[in-house]
Amino acid sequence: MMDKKMLEEGSEVCIDFEKRGGFVPAIVQDVKNGRVLMLAYVNQQAYETTLEKGMATFWSTSRNELWTKGETSGDFLKIVEILTDCDQDALIYKVEPQGGGACHTRNPETGKTRETCFYRKVDLQSKNLVLA
């Protein structure tokens, strides 16, 4: 285990995959406008595949398999930059979307892939979901 000062201030990549059972959360953000597109989980294999392919790759916790976003939908997320937090247990993937959107759902009115998975918000008065 690396000492805390080296972890927080050093230049060595030491992503702490073990802290949360082999996974770290990865926030995916559009590099051109900062919009949050999605949140997914990354294990060591997904992280290494992301670096190799240059495309955002995750571990699907529902399918229990490696998943490069866009391989089935065509909506790839090209990696521009990867950030990690101070204790290296969370990531931000800054990406250039390469397709119609980042979400696996579609807008029922247009039939198009949604640009972001965060297309709804909680109305603080009614406590209901509304379109963002």
Side-chain angles (χ1 to χ4, degrees):
M1 180 67 156
M2 180 173 282
D3 88 7
K4 186 175 179 172
K5 178 127 176 98
M6 286 301 298
L7 182 69
E8 293 176 353
E9 305 299 334
S11 60
E12 187 177 340
V13 175
C14 296
I15 308 300
D16 190 355
F17 293 104
E18 295 312 309
K19 187 175 188 176
R20 293 184 184 91
F23 303 100
V24 297
I27 298 164
V28 180
Q29 194 175 32
D30 190 321
V31 71
K32 73 176 181 251
N33 60 21
R35 187 176 190 190
V36 175
L37 303 177
M38 60 184 285
L39 170 75
Y41 293 91
V42 175
N43 64 5
Q44 182 79 40
Q45 181 184 12
Y47 177 74
E48 290 171 3
T49 302
T50 294
L51 295 176
E52 289 168 17
K53 289 184 172 185
M55 297 291 173
T57 302
F58 309 101
W59 185 261
S60 172
T61 55
S62 60
R63 295 187 313 269
N64 204 33
E65 65 184 16
L66 192 68
W67 158 58
T68 298
K69 175 70 177 129
E71 285 185 336
T72 56
S73 66
D75 296 326
F76 289 95
L77 300 170
K78 182 180 178 186
I79 295 291
V80 175
E81 185 175 43
I82 298 174
L83 305 176
T84 187
D85 69 335
C86 57
D87 52 357
Q88 297 196 47
D89 65 356
L91 300 169
I92 296 177
Y93 284 180
K94 292 195 174 195
V95 303
E96 288 179 354
Q98 305 291 295
C103 190
H104 71 280
T105 67
R106 296 181 179 274
N107 181 320
E109 295 172 9
T110 66
K112 293 183 179 181
T113 303
R114 288 187 167 104
E115 292 178 16
T116 174
C117 293
F118 295 94
Y119 57 91
R120 297 175 292 179
K121 64 181 177 181
V122 176
D123 179 291
L124 297 178
Q125 295 210 307
S126 71
K127 313 290 189 281
N128 291 324
L129 290 177
V130 296
L131 292 177

Rounded at 0.5 Å granularity, tell me how far [atom1] in [X] sits from [atom2] in [Y].
X: Asp89; Y: Lys19; atom1: CG; atom2: NZ; result: 3.5 Å
X: Leu37; Y: Phe118; atom1: CG; atom2: CZ; result: 9.0 Å
X: Phe58; Y: Gln45; atom1: CZ; atom2: CD; result: 14.0 Å
X: Glu81; Y: Ile92; atom1: CD; atom2: CD1; result: 9.0 Å
X: Leu77; Y: Met38; atom1: CG; atom2: CE; result: 6.5 Å
X: Met55; Y: Lys69; atom1: CE; atom2: NZ; result: 12.5 Å

Closest approach of [X] to [Y] (non-hydrogen atoms, all atoms of both residues):
X: Ala102; Y: Cys117; answer: O-SG, 4.3 Å
X: Leu129; Y: Val122; answer: CD2-CG2, 3.9 Å
X: Asn107; Y: Glu109; answer: OD1-N, 2.7 Å

Are the side chain of [X] and the backbone N or O of [Y] linked by a donor-acceptor pair below 3.5 Å?
X: Ser60; Y: Glu65; value: no
X: Thr84; Y: Ala90; value: yes
X: Gln98; Y: Glu96; value: yes
X: Asp75; Y: Gly100; value: yes
X: Arg114; Y: Arg106; value: yes
X: Thr50; Y: Ala56; value: no
X: Gln29; Y: Gly34; value: yes

Report task. With side chain to side chain contact (heavy atoms under 4.5 Å, CB included) as the test, would you mind laying out the steps for Val36 and Ile27 before giving the verdict? Result -> CA-CA 7 Å; Val36 175; Ile27 298 164; 4.0 Å; yes
Query - Worked verdict on Val42 versus Phe17 for side chain to side chain contact (heavy atoms under 4.5 Å, CB included) - result: CA-CA 8 Å; Val42 175; Phe17 293 104; 4.1 Å; yes
Query raised in the report: Can you tell if the side chain of Ile15 reaches within under 4.5 Å of the side chain of Gln88, non-hydrogen atoms only?
Result: yes
Query raised in the report: What's the verdict on ring-ring contact (aromatic ring centres under 6.0 Å, His included) for Trp59 and Tyr41, showing C-alpha distance, side-chain angles and the deciding distance?
Result: CA-CA 6 Å; Trp59 185 261; Tyr41 293 91; over 10 Å; no
